[in-house]
Amino acid sequence: MFSWLTSSRTPINNLHELQFDMHCHLLPGIDDGPESIEESLSIIQAMVAVGYQGAICTSHIFPEVYDNKADDMLRGVDSLQSVLDKNNINFTLHASAEYMVDRQFIELAKAKKLLAFGKKDYVVIETGFTQENPYFDEAIYEMQYAGYCPILAHPERYLYLSQSKSIEQFEKIIDKGIELQINLFSLIGLYGRLSKEVAKILLKNNFIQWIGTDIHRSQHISLLEKANDLKTLSNSMRDNPIQNKYLAESI
Ligand SMILES: [Fe+2]
């Protein structure tokens with residue numbers, strides 16, 4: 001009988017506050033992201049609808065799986081941006097990548113050939129999900145020596161970190177000068193209960209500097225709406241030093 005009362009409540013609108021996404025797969029046909037330009041456009045239109053103004057495009061650079069190079073990212077962003085502009089979609093793209101940590105990545109870091117973004121030359125890195133990465137410490141050392149700031153993508157999804165549910169593992173990473181990015185959709189359970197729980201623990205401890213959608217496909221568009229109205233997220237964004245919103249002034 002009072003359904004009009006609940007339906008009239010103001011939506012929380014979390015994502016409008018974030019402004020910029022810094023981990024997403026929007027470029028068509030170069031990794032496990034959108035398969036066509038139309039799919040890229042529908043994802044971006046959905047992002048605009050929930051308040052995003054732009055994104056750092058972080059398609060995978062993962063040798064022998066997604067053999068992309070910096071030039072592929074730069075060309076892909078130029079071409080997608082021109083389609084957005086032609087269609088009057090007000091959304092700014094910037095080229096970067098989600099780098100798998102391996103020997104080739106270390107060589108790119110040493111040669112200062114990583115595609116970085118933001119005022120601290122941030123670079124998003126990933127590892128495999130189950131086991132510790134043998135190149136990790138060397139990669140972090142070389143990145144920092146070359147002047148990059150590492151952001152570890154979705155730490156809540158790595159079993160080797162999260163299965164103990166202990167915050168010590170994450171503290172060790174933060175102590176190395178690495179910033180942490182959780183996936184938005186972890187908070188609504190897209191990757192299972194453990195990732196959801198660990199993402200919440202990380203937020204509760206104010207360990208998170210970045211929130212990325214890590215959106216890949218149009219099937220995930222409906223999750224944007226859900227996350228936009230998530231109370232856990234709005235509470236956490238007050239306490240955590242989330243950096244997304246500062247990207248507009250530094251890229
Ligand atoms: Fe990703």
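Ligands are counted one by one from 1 in listed order, and the atoms in each one are counted from 1 as well. A quick note: this is a predicted structure, and the numbers were derived from the prediction, not measured.
For Glu17 and Asn13, the side-chain atoms include no donor-acceptor pair closer than 3.5 Å.
With sequence neighbours left out, Tyr246 forms a ring-ring contact (aromatic ring centres under 6.0 Å, His included) with no residue at all. Under the salt bridge (charged side-chain N to carboxylate O under 4.0 Å, His left out) criterion, Arg75 pairs with Asp72, not counting sequence neighbours.
Within the structure, the side-chain hydrogen bond (donor to acceptor under 3.5 Å, both in side chains) test picks out the following pairs touching residues 179-190 (sequence neighbours left out): His23-Gln181, Lys120-Glu179, Glu156-Ser186, Glu179-Trp210, Gln181-Asn183, Asn183-Tyr191, Asn183-Asp214.
Atoms of the protein (N, O or S only) found under 2.8 Å from the Fe ion (ligand 1) are His23 NE2, His25 NE2, Glu98 OE1, Asp214 OD1.
Ring centers of Phe207 and Phe170: at least 6.0 Å apart, outside the cut-off.
Of the possible polar contacts, one joining the Tyr158 side chain to the Ala153 backbone as a donor-acceptor pair under 3.5 Å is found.
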